[in-house]
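To start, the structure itself, in structure tokens.
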Amino acid sequence: MAKAKTQYVCRECGKRSPKWLGRCPQCQSWDSLEEEAVQSAAPAGGGAPYMAPTPLSLAKAAETDRLSTGLAELDRVLGGGLAPGAVTLLSGEPGVGKSTLMLQAAAGLARKGRRLLYVTGEESAAQVRLRAERLGLDLSTLWVMAETRVEAISQALAAEDWDVAAVDSIQTLTIAEASGAAGSPAQVRESAARLSALAKSRQVPLWLIGHITKEGSIAGPKLLEHLVDTVLYFEGDRERALRLLRAFKNRFGPVGEVGVFEMTGLGLGEVANPSALFLAERPERASGSVVAPIMEGQRPLLMEIQALVSASPLPVPRRQALGVDSARVGLLAAVLEKKVKLKLFDRDIFVNVVGGAKISEPAADLAIVAAMAGSWVDRPAPDATVFIGEVGLAGEVRSVAHLEARLREAARLGFTQAVVPPGAIKKPPLALLPVKSVYQLLIEHLGFKK
Ligand code: TYD
Ligand code: MG
């Protein structure tokens with residue numbers, strides 16, 4: 001019989017090495033590697049400590065291993081739930097609702113018999129309890145640990161079979177090996193690296209919660225992006241209830257995916273029909289208000305775009321935009337001015353995306369143009385109509401990606417016609433009104449005279 005093979009495993013972080021090393025290359029601990037036998041992948045009944053090489057054709061994604069958080073919007077953004085050992089960074093501005101989301105996910109997991117260890121470094125266990133009570137969660141199924149020392153957290157994680165772990169927040173942790181105060185780059189990096197290694201070796205999904213500030217970031221999220229598997233950003237502002245959860249990086253699912261939530265008195269509610277939410281208070285037959293289906297990741301959302309064009313008292317009229325790029329609005333105003341001779345040079349122009357949403361795709365151009373022109377003539381856009389298309393500098397209307405998905409979403413929400421770029425599409429779900437140019441848009445659909 002062949003001699004049993006051995007390998008060396010770091011007792012601190014679980015890093016494996018084929019040969020002995022004085023210092024662990026992963027967690028930098030000195031003299032921490034211990035020899036242990038490599039168990040063969042033979043069906044001896046014992047678990048294999050490593051994955052035997054397989055032909056790629058046989059390597060299948062074990063979708064069944066995904067853990068559902070009980071929040072469908074969150075699961076979708078993750079790419080179908082939590083993957084084993086996946087390290088996910090959840091970041092966002094203070095107060096956006098990260099802790100609330102995590103606690104609700106813990107409760108969702110608990111309902112499926114899974115235990116999440118919620119490590120709180122920001123709040124006391126009693127404060128977490130108060131929040132859980134406010135959210136109406138079953139306290140007996142939630143586990144909390146108020147701790148900031150990484151060594152202690154590692155011990156707690158290794159001591160029991162947790163299904164998931166969450167650390168709130170990574171900026172509060174300290175680790176003996178690193179210098180600096182909690183929140184300093186070295187502390188954040190080392191703490192995250194140590195906990196990630198442990199999560200990987202135990203195949204326990206780990207959440208790291210991190211704050212960012214409006215100005216960008218203090219030590220934290222940016223520093224960790226390369227270290228983790230998935231980066232989620234939670235966005236929204238304090239005045240408004242709407243919250244968007246975006247996957248910015250995802251080794252286990254699509255990026256650009258968005259989950260939509262609403263902050264209520266009872267925590268975060270999932271918004272199954274975000275388009276309806278965006279359009280909820282849309283004024284009937286108001287000039288300057290139009291609807292455009294905008295892609296958020298793979299998903300179209302209907303958004304209301306408003307424009308107000310009014311005579312300016314100023315020598316240099318204002319061009320202000322909220323939720324869309326001001327430069328884009330200026331460019332589209334110039335196209336209207338030059339190509340259809342719409343007098344705008346002495347008008348203030350305000351453009352706003354309702355609900356605090358942000359639009360960064362040119363597919364909204366046609367809607368912005370329609371809103372500005374509509375406000376200029378003070379005439380409402382046709383009923384139940386959406387506008388889709390990019391506008392070029394020559395005033396031409398250009399095609400956009402995902403046209404069918406956008407049309408389906410519009411039809412689903414009760415819109416009956418869509419002004420679109422030229423080009424055939426099979427079996428459209430609503431009436432199409434193709435336009436080649438901004439001129440054609442104004443003449444045929446906004447009531448301008450030739
Ligand atoms: P929190 O989860 O503490 O934010 P973060 O961890 O990102 O800093 O939530 C902060 C805000 O959410 C807080 O201002 C209060 C509000 N909130 C509600 O409106 N409803 C609720 O049920 C809860 C728990 C919080
Ligand atoms: Mg918090």
Side-chain angles (χ1 to χ4, degrees), residues 69-71 73-74 77-78 88-111 116-139 141-148 153 164-174 182-183 187-188 191-192 195 206-225 228 230-248 258-271 274 277 355-356:
T69 63
L71 298 169
E73 290 291 297
L74 179 57
V77 174
L78 288 168
T88 308
L89 175 66
L90 173 62
S91 67
E93 288 170 25
V96 72
K98 301 179 294 298
S99 304
T100 307
L101 182 67
M102 202 39 52
L103 211 52
Q104 287 183 234
L109 285 157
R111 280 194 292 276
L116 179 146
L117 175 60
Y118 182 85
V119 179
T120 171
E122 306 230 319
E123 298 165 308
S124 67
Q127 279 172 305
V128 175
R129 177 193 170 137
L130 278 177
R131 178 183 285 119
E133 276 174 345
R134 176 174 170 187
L135 296 170
L137 305 178
D138 181 356
L139 301 186
T141 61
L142 299 174
W143 295 82
V144 64
M145 178 185 184
E147 182 57 75
T148 55
I153 297 166
V164 184
V167 176
D168 187 1
S169 67
I170 187 71
Q171 280 111 338
T172 59
L173 301 190
T174 55
Q187 288 285 349
V188 166
S191 300
L195 291 175
L206 171 71
W207 287 93
L208 301 174
I209 296 176
H211 301 297
I212 46 170
T213 57
K214 267 230 152 61
E215 294 72 45
S217 73
I218 34 168
K222 289 281 171 226
L223 201 73
L224 297 177
E225 275 164 10
V228 301
T230 302
V231 179
L232 305 184
Y233 278 107
F234 208 22
E235 307 173 346
D237 53 65
R238 254 174 267 197
E239 290 81 57
R240 285 183 240 264
L242 197 70
R243 299 285 184 275
L244 297 181
L245 183 67
R246 282 173 210 277
F248 177 76
V258 211
V260 184
F261 296 86
E262 193 178 10
M263 184 61 94
T264 71
L266 286 172
L268 290 160
E270 299 187 71
V271 179
L277 187 78

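Small disclaimer: the values here were computed from a predicted structure and weren't measured. Whatever order the structure lists ligands and atoms in, that order sets their numbers, starting from 1.
Between the side chain of Arg243 and the main chain of Val96, a donor-acceptor pair closer than 3.5 Å is present. Lys98 contributes no side-chain N or O that, together with a main-chain N or O of Tyr233, makes up a donor-acceptor pair within less than 3.5 Å. Between the side chain of Gln104 and the main chain of Gly267, no donor-acceptor pair closer than 3.5 Å is present. Looking only at distances, no side-chain donor or acceptor of Glu262 sits under 3.5 Å from a matching main-chain atom of Val271. Between the Glu235 side chain and the Leu244 main chain, no donor and acceptor come within less than 3.5 Å of each other.
Heavy-atom contacts of Thr264 reach the following atoms of ligand 1: 18 (C), 19 (O), 20 (N), 21 (C), 22 (O) (cutoff under 4.0 Å). Those atoms of ligand 1 that come under 4.0 Å of a heavy atom in Leu135, given as number and element, are 22 (O), 24 (C). Atom numbering of ligand 1 starts at 1 in the shown order; those under 4.0 Å from a heavy atom of Met263 are 12 (O), 17 (N), 18 (C), 19 (O), 20 (N). In summary, the atoms of ligand 1 found under 4.0 Å from a heavy atom of Thr100, numbered by their order in the structure, are 1 (P), 2 (O), 9 (O), 24 (C).
Proximity of Gly95 to ligand 1 is established by a heavy-atom distance of less than 4.0 Å. By the 4.0 Å heavy-atom criterion, Leu268 is excluded from the residues contacting ligand 1.
For the pair Leu268/Phe234, a side-chain contact is recorded, criterion being any heavy-atom separation below 4.5 Å from C-beta on.
Contact annotation: for Leu266 versus ligand 1, heavy atoms closer than 4.0 Å belong to the backbone alone. Heavy atoms of Leu101 found under 4.0 angstrom from ligand 1: none, in either backbone or side chain.
Between Arg131 and ligand 1, at least one pair of N/O atoms sits closer than 3.5 Å. Backbone and side-chain nitrogen or oxygen atoms of Pro94 are examined, and none is located within less than 3.5 angstrom of a nitrogen or oxygen of ligand 1.
Heavy atoms only, all atoms of each residue included: Ser191 and Ile170 are closest at CB-CD1, 4.2 Å.
Residue Arg129 places its CZ atom among 12 or fewer non-hydrogen atoms of other residues, nucleotides or ligands, all under 6.0 Å distant.
With a cut-off of 2.8 Å, the Mg ion (ligand 2) has no N, O or S atom of Ser169 in range.
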